Asker: 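Pasting a structure below so you can have a look.
Naming convention: chains lettered A, B, ... in sequence-line order (proteins, then strands); numbering from 1 in each chain. Since this is a predicted model, take the numbers as computed values, not measurements.
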Amino acid sequence: MRLTRRRFLGGAAAAALGGAGIYELVDRLTPAPARPVAGPMPAEQHVFHLGTVESEGVEVLVPPLHSEIVTATLAVDDLRAAQHDLEDALAGLDAAYAPDPSGLGVTVAWGLPYFSERVTGPAKTHLPFDRRAGRSVLVPERRFPSDPHDTILERNDVAVLLRSDDLDHITAARKALFDELGIFHVTSMRRGFAGGGFSGKQSLPKKMAMAAGVPGADLIPDTAELFLGFTSTQKAGLGPGLIANHETLGFVDVRSGYFHGGTHMHLSHITEDLEAWYLNFDFDERVLTAFRPGLTQVKQGAQTVAQGPHDVSSRARLARQFEQTGRFGHSASIQSTSRLLQEVVGPDGTVYPRGTSIPQRADFNTLDNPFAYSADPDRDELSDEPVAGVHFVVFNPSGDDFERNRLAMDGVLPDGPKLQVGPRSRASGFNSVLTTTHRQNFLVPPRRHRSFPLAEL
Amino acid sequence: MRASIVAAVAALALAGLVPAASSAGAAGGCPAAWKSGWQALANRIQAPVYCPTWMPNPLDAKIGGDYIDIKSVSKDRSYLISFLEHGDAGSGDVHVNFRGYIGRTAIPTCTTVVLTGKKTIRGHTPCFADAAGTRTARGISATVYRVNQDADQWHILFAWRHKGSLYTISEHVIRPYTYRQVVKNLERMLAGLVLVRPEG
């Protein structure tokens with residue numbers, strides 16, 4: 001019999017658990033990993049130095065143990081005063097915590113409702129423009145072919161991403177920004193965890209899923225970084241350095257330069273059907289589903305499968321393998337749009353070789369259903385029954401760049417043919433075991449303009 | 001109505017509050033209420049079959065009884081005997097399969113079909129895959145398979161060999177039974193299997 005979160009809290013562990021509920025187990029179950037000494041505070045809000053370890057011969061980034069996202073609408077009309085108050089609070093957090101997972105990462109992202117309704121005039125002048133797409137970098141939310149028809153497209157003014165190995169740091173930040181300032185109406189809180197298994201011990205997703213009793217928990221490999229069993233934070237699979245900045249790859253016009261050093265953030269919540277994944281796909285099929293057909297040299301039980309620049313699937317190989325097998329892998333389809341087709345030299349002289357990944361992901365597993373808190377529980381279909389899922393967070397240079405990747409995940413390639421398979425077919429990557437409940441796009445300003453961007457103009 | 005009663009009883013059984021309802025209580029033999037069907041099967045295929053002495057609530061293992069879903073014997077004498085309780089009112093399903101592949105021990109091959117646009121691509125895959133350890137009881141050493149095809153799709157399956165033949169039991173992972181409970185059910189079924197030999 002499955003435990004609801006309430007029942008779980010009412011059990012033997014209840015006495016030891018506080019307001020953070022089941023997620024407090026993360027602190028108790030897993031010690032914080034060793035972290036490199038933090039460098040100076042980066043100009044970009046989305047850049048967060050994680051440190052790396054080797055996993056099965058592949059260099060992987062060690063994600064923060066805890067992540068939390070708080071979304072909100074504005075509760076004030078005086079934006080300049082609010083800008084001052086929020087920046088003061090953020091600066092206080094900067095002073096209190098190191099800018100790495102041993103301390104705290106804070107990323108403040110702003111949604112289209114904020115720009116279109118609160119700072120309308122300045123936004124028209126200063127928001128970066130995606131020349132390749134012929135539209136703003138911040139585009140309205142949309143559903144994708146494999147999304148359910150009722151995926152909720154959200155309209156929050158702001159989202160704050162908090163990341164740390166220490167839950168207390170996240171709790172303190174949430175209180176400072178949302179409880180004490182009084183400038184936001186909180187619309188949702190979303191919590192989760194990742195990693196913890198690189199030392200060879202049972203990983204957090206496995207422990208947390210087992211503790212919550214979600215269906216399929218027993219089937220997760222013991223050391224899996226995420227519920228679906230494969231390591232997703234290998235260094236070569238994530239965008240390096242400043243590649244996700246608006247300005248780095250050259251297809252975004254940052255216009256006045258106000259948002260130079262900024263990026264686009266997409267946020268979604270996705271449930272994962274673990275039983276379907278582990279009971280209907282054998283290991284070899286999980287490999288070809290997660291990566292690509294024809295990947296036959298992967299050792300049984302492997303979790304970290306190299307996805308460096310030389311392992312990348314081209315569009316030609318993707319199409320050829322689809323023609324032969326009638327299916328495509330999750331990574332291969334996305335790589336057709338998420339990797340550089342040729343070498344690029346960034347404005348700061350950094351060389352990004354062909355095959356380099358562009359998106360910088362910050363996703364984490366969750367047991368939220370779909371959120372830990374919602375101001376509109378009926379609309380969000382809030383439940384206290386834990387469910388396996390992921391709060392997906394990704395930074396791209398523009399909203400269109402994200403959309404290209406997400407469409408490729410459904411077999412829709414830019415300037416190319418659609419791979420003719422049902423968008424939720426088991427032949428189209430992970431899609432048959434994923435269900436997206438919510439989506440929203442945000443713009444992440446550079447750190448210097450993180451608080452109520454454009455309000456001062 | 002029946003479904004809700006089944007759900008309630010199953011929930012109690014899962015909580016360990018009541019004994020499983022379908023233990024036929026046979027000491028050392030195929031339960032009398034179920035034996036005729038299994039004996040008839042053994043006689044028909046002229047090979048031993050395994051009769052359970054315990055079934056997960058609410059099923060029984062009476063071939064021709066209330067819960068029989070599939071009774072299939074092929075020309076090559078392989079058989080599939082399936083018992084199902086379908087919870088129409090959302091109480092979940094309980095579904096158990098018994099198979100025998102007489103005179104062969106290899107894992108059978110199943111056909112896969114992928115539809116892409118107007119094209120159909122067929123392939124082959126082992127019917128039982130993702131081995132995850134073994135369970136031993138009553139001299140049977142069974143391999144646990146987690147990914148299975150056709151009538152055993154979404155089931156956990158135990159497979160073992162006996163005198164040149166392959167036998168399996170499997171149960172669907174679906175409410176009210178979790179993966180862990182299904183494995184326990186299969187372990188209990190395995191521990192209660194008795195061989196029924198053909199007569200005459």
Side-chain angles (χ1 to χ4, degrees), chain A residues 1-3 7 209-222 229 273-289 293-294 300-301 318-328 385-386 388 411 417-429 432-433, chain B residues 7-17 57 91-93 95 107 109-110 112-133 144-150 152-157 170-184 186:
Chain A
M1 185 167 294
R2 294 165 66 182
L3 283 174
R7 282 194 198 120
M210 293 289 284
V214 296
D218 300 84
L219 301 162
I220 301 168
D222 267 356
D273 188 338
L274 302 185
E275 285 185 344
W277 179 235
Y278 287 109
L279 294 178
N280 287 333
F281 296 73
D282 64 25
F283 180 78
D284 290 340
E285 191 177 3
R286 291 201 296 275
V287 169
L288 69 87
T289 298
Q300 287 286 313
L318 177 68
R320 187 172 62 250
Q321 288 182 331
F322 180 75
E323 178 68 21
Q324 291 166 348
T325 65
R327 60 194 311 160
F328 59 84
E385 178 121 355
K418 181 182 182 311
L419 305 179
Q420 293 294 328
V421 65
R424 292 189 59 77
S425 159
R426 69 185 284 159
S428 57
S432 69
V433 300
Chain B
V9 173
L12 289 172
L14 290 173
L17 299 177
N57 195 311
S91 59
D93 291 355
H95 185 198
I107 300 293
T109 299
C110 288
T112 59
V113 177
V114 176
L115 301 173
T116 62
K118 296 176 181 175
K119 194 171 162 186
T120 300
I121 298 178
R122 295 183 187 280
H124 296 93
T125 192
C127 294
F128 319 135
D130 265 24
V144 180
Y145 290 98
R146 286 175 168 173
V147 179
N148 306 294
Q149 306 295 326
D150 294 346
D152 297 304
Q153 190 172 29
W154 218 298
H155 287 217
I156 302 299
L157 180 142
S170 76
E171 183 179 347
H172 194 165
V173 179
I174 188 172
R175 287 192 310 162
Y177 290 113
T178 65
Y179 168 82
R180 193 176 295 187
Q181 289 158 345
V182 163
V183 171
K184 285 189 182 304
L186 288 166

Asker: Not counting sequence neighbours, which residues clear ring-ring contact (aromatic ring centres under 6.0 Å, His included) with His155(B)? List them please.
Answerer: His95(B), His172(B)

Asker: Would you find more than 12 non-hydrogen atoms of other residues, nucleotides or ligands less than 6.0 Å from Arg180(B) atom CZ?
Answerer: no

Asker: Would you please name every residue forming a side-chain hydrogen bond (donor to acceptor under 3.5 Å, both in side chains) with Asn148(B), sequence neighbours left out?
Answerer: none

Asker: Relative to chain B, which segment of Glu285(A) carries a heavy atom at a distance below 4.5 Å: side chain, backbone, both, or neither?
Answerer: neither

Asker: Taking the side chain as every heavy atom from C-beta outward, state whether Asp282(A) and Thr125(B) have any pair of such atoms under 4.5 Å apart.
Answerer: yes

Asker: Heavy-atom distance under 4.5 Å to chain A: side chain of Ile156(B), backbone, both or neither?
Answerer: side chain

Asker: Report yes if the side chains of Tyr179(B) and Leu219(A) come closer than 4.5 Å at any heavy-atom pair, otherwise no.
Answerer: yes

Asker: Is there a side-chain contact between Arg327(A) and Ile121(B), using heavy atoms and a 4.5 Å cut-off?
Answerer: no

Asker: Please identify, among Gly216(A), Ala276(A), Ser428(A), the residue contributing the most non-hydrogen atom pairs under 4.5 Å to chain B.
Answerer: Ala276(A)

Asker: Which heavy atom in Asp130(B) sits nearest to a heavy atom in Phe283(A), and how many Å separate them?
Answerer: OD1-N, 2.8 Å

Asker: What option among Asp218(A), Val421(A), Asp284(A) has the most heavy-atom pairs under 4.5 Å with chain B?
Answerer: Asp218(A)

Asker: Assess whether atom NZ of Lys184(B) is packed by more than 12 heavy atoms of other residues, nucleotides or ligands within 6.0 Å.
Answerer: no

Asker: Determine whether Tyr278(A) and Arg146(B) make a side-chain contact, defined as any pair of heavy atoms from C-beta on separated by less than 4.5 Å.
Answerer: no

